[in-house]
Undergrad: 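First, the structure itself, so that you have it in front of you.
Values below: all heavy atoms of this structure, side chains included; hydrogens, waters and symmetry mates excluded. To find a chain, count down the sequence lines: A is the first, B the second, and so on, and within it residues start at 1.
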Amino acid sequence: MIGEIPGVTSGQMFPNRRSLHDAGVHRPLQAGICGTSRTGAESIVVSGGYKDDEDHGTVIVYTGHGGRDPQSEKQIADQSLADPGNAALVTSYLEGLPVRVIRGAQSQSPNAPSAGYRYDGLYSVTSFGSRMGNDGFRVWQFRLEALVLTDQSSAPYSENLPLQPEGAPIQRRLVTTQRVVRNTGFARQVKTWHRDQCQVCDTRLIVPGGTYSEAAHIQALGAPHHGPDIVGNILCLCPNCHVLFDSGAIYLRDDFVVMAGNSEIGPLRLDPRHHIRLAFVQNHRARWRY
DNA sequence: GGGCCCGCAGGG
DNA sequence: CCCTGCGGGCCC
């Protein structure tokens, strides 16, 4: 289950890993990452298991799975993105999915609880990469930033994260969750049908961990457009074509020819399983007075 | 405190 | 079935 667990609030304490499991907050009893490459990461536990971690409160640098000697807790081999836990965090990054964060008392961070485990709410994976770890082997690391869900598309946005005073409660950065709310099951279905290939330009972006595309709503979500989040209102586009489409630089005719101004760009690539509703195409055109 | 080993749950 | 893991308890 991705996202918040009903009945569990941020800041809630748990005595041990078994109780986290029983509440559904973090299901594995020992592993730090829960999830798969297909679904993304559900949750992570930050409890000092890897010395390359950094916990700045609203920002966490979390080290992936693998390469560690269970006895000495030292890295004895390079980590790999093929490790299922690491691959899950890549999917969370690519799809903008929220990750539950739990802090454990064993972490050295001032943000850690004094005993047991504390659920600290949802974070977003904002970047990832690899570097040489303290023990001389390659580690993969994921930057996570605290997320506050908001319906306000015009929510304040702070590019510079304030430094966290030691011991202070974790201040949450207010962010827009456009990418999160747009990664519904319907968006995923459309992207699966098109295998991440752009319906306008046929680009399929290859990135470490898989392929990438974006779900573009034809009639935009939210006020003032109020488009629905259904497959008939979604296109599978590359990021460039997504920007062009959302800004009205390109649009669709009723015969699904892609237009730029008065010029025909070419036919939209269609899939028989994916029925695009013309009402939304017409709404998109009207928005740009085409 | 550290070392050891037994668990279980999840994922392939 | 296999393997692995940001536990945890017990022993010294």
Side-chain angles (χ1 to χ4, degrees), chain A residues 1-3 5 8 12-57 59-95 97-123 125 128-146 170 188 208-210:
Chain A
M1 176 164 192
I2 303 284
I5 303 297
V8 176
Q12 192 166 332
M13 297 297 302
F14 296 85
N16 49 38
R17 289 289 295 263
R18 168 61 68 176
S19 61
L20 281 169
H21 167 271
D22 292 346
V25 176
H26 187 75
R27 298 185 295 122
L29 292 179
Q30 192 170 342
I33 306 169
C34 180
T36 67
S37 69
R38 191 178 59 83
T39 60
E42 293 180 26
S43 51
I44 63 167
V45 172
V46 184
S47 62
Y50 287 75
K51 63 181 70 166
D52 296 298
D53 283 2
E54 299 171 29
D55 182 0
H56 306 291
V59 175
I60 294 166
V61 179
Y62 193 75
T63 309
H65 274 175
R68 201 180 66 153
D69 180 40
Q71 264 84 43
S72 68
E73 297 190 346
K74 291 191 172 195
Q75 296 301 122
I76 55 169
D78 289 343
Q79 292 185 340
S80 162
L81 268 195
D83 182 289
N86 303 342
L89 284 167
V90 172
T91 298
S92 298
Y93 167 76
L94 293 177
E95 301 196 10
L97 298 169
V99 180
R100 291 188 297 275
V101 166
I102 299 99
R103 285 186 173 83
Q106 289 187 68
S107 166
Q108 302 300 316
S109 159
N111 300 306
S114 56
Y117 296 87
R118 187 184 63 223
Y119 172 58
D120 277 343
L122 299 179
Y123 281 63
V125 182
F128 71 97
S130 74
R131 67 173 180 85
M132 292 306 284
N134 291 332
D135 290 331
F137 292 93
R138 187 159 295 275
V139 293
W140 285 90
Q141 294 190 300
F142 301 84
R143 178 185 171 97
L144 292 106
E145 300 185 26
I170 290 161
R188 192 173 296 191

Undergrad: How would you label the contact of A:Glu73 with the nucleic acid (heavy atoms, under 4.0 Å): base, sugar-phosphate, or nothing?
TA: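 The answer is nothing, as A:Glu73 stays clear of every strand by at least 4.0 Å.
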Undergrad: Quick one: pull up CD1 in A:Ile102 and CG in A:Leu20 and give me the separation to the nearest 0.5 Å.
TA: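 Between atom CD1 of A:Ile102 and atom CG of A:Leu20 there are 5.5 Å.
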Undergrad: For A:Gln30 and B:dG11, what is the distance between atoms CD and P respectively, to the nearest whole Å?
TA: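 Those two atoms, CD and P, are 15 Å apart.
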Undergrad: Please state how far atom CD1 in A:Ile33 lies from atom P in B:dG12, giving the value in whole angstrom units.
TA: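 So the two atoms are 12 Å apart, to the nearest Å.
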Undergrad: What is the distance, rounded to the nearest whole Å, between atom CZ of A:Arg18 and atom C1' of B:dA9?
TA: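 Those two atoms, CZ and C1', are 8 Å apart.
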Undergrad: Mind checking if A:Gly48 touches a base, just sugar-phosphate, or nothing, with heavy atoms under 4.0 Å?
TA: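 Base contact.
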Undergrad: Just verifying a value: how many Å separate A:Ser92 OG and A:Phe128 CZ, rounded to the nearest 0.5 Å?
TA: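 Interatomic distance, A:Ser92 OG to A:Phe128 CZ, rounded to 0.5 Å: 11.0 Å.
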Undergrad: Would you kindly give the CG-to-P distance between A:Leu29 and B:dC5, to the nearest whole Å?
TA: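 From A:Leu29 CG to B:dC5 P: 21 Å.
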Undergrad: Just call it for A:Gly66: base, sugar-phosphate, or nothing, with non-hydrogen atoms closer than 4.0 Å on any strand.
TA: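 Sugar-phosphate, no base atom in range.
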Undergrad: Does the structure show a Watson-Crick or G-U wobble partner for C:dC12, both distances under 3.5 Å? Name it, or say none.
TA: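 The answer is B:dG1, by the H-bond criterion.
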Undergrad: Taking for each residue the nucleotide of DNA chain C bearing the nearest heavy atom, is the 5' side occupied by A:Arg17 or by A:Ala31?
TA: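 Comparing both residues, the 5'-ward one is A:Ala31.
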Undergrad: Let me know the distance between CZ of A:Arg27 and C1' of B:dG11, rounded to the nearest Å.
TA: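 Those two atoms, CZ and C1', are 10 Å apart.
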Undergrad: Mind checking who B:dG7 pairs with, Watson-Crick or G-U wobble, both distances under 3.5 Å?
TA: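 Across all strands, not a single nucleotide pairs with B:dG7.
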Undergrad: Without decimals, in angstroms, what is the distance between A:His65 NE2 and C:dC3 P?
TA: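 One finds 18 Å between P of C:dC3 and NE2 of A:His65, rounded.
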Undergrad: A:Arg100 side chain to A:Ile5 main-chain N or O, any donor-acceptor pair under 3.5 Å?
TA: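 Absent.
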Undergrad: When all nucleic acid strands are considered with a 4.0 Å heavy-atom cut-off, which category describes A:Asp53: base, sugar-phosphate, or nothing?
TA: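 Contact class for A:Asp53: base.
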Undergrad: Could you state the CG-P distance from A:Asn86 to C:dT4, rounded to the nearest angstrom?
TA: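 My rounded result for the distance is 14 Å.
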Undergrad: For C:dG7, take OP1 and OP2 only and decide whether either is under 4.0 Å from a side-chain N or O of A:Ser47.
TA: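 Result: yes.
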Undergrad: Thinking salt bridges, do A:Glu73 and A:Lys51 make one under a 4.0 Å N-O criterion?
TA: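 Answer for the salt bridge query: no.
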Undergrad: Over how many whole Å does the gap from A:Asp69 atom CG to C:dG5 atom C1' extend?
TA: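 Going from CG in A:Asp69 over to C1' in C:dG5 covers 13 Å.
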Undergrad: If the cut-off is 4.0 Å, is A:Tyr117 near the phosphate of C:dG7, judged by side-chain N/O to OP1 or OP2?
TA: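 Answer is yes, contact under 4.0 Å.
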Undergrad: Donor-acceptor pair, A:Asp120 side chain versus A:Val101 backbone, under 3.5 Å?
TA: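 No, the answer is negative, given that no donor and acceptor are paired below the 3.5 Å cut-off.
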Undergrad: With respect to the phosphate group of B:dC8, does any side-chain polar atom (N or O) of A:His21 fall under 4.0 Å of OP1 or OP2?
TA: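 No, no such contact exists.
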Undergrad: Looking across every strand, which nucleic acid part, if any, lies under 4.0 Å from A:Thr63 by heavy atom: base, sugar-phosphate, or nothing?
TA: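 Counting heavy atoms under 4.0 Å across all strands, the contact made by A:Thr63 includes a base.
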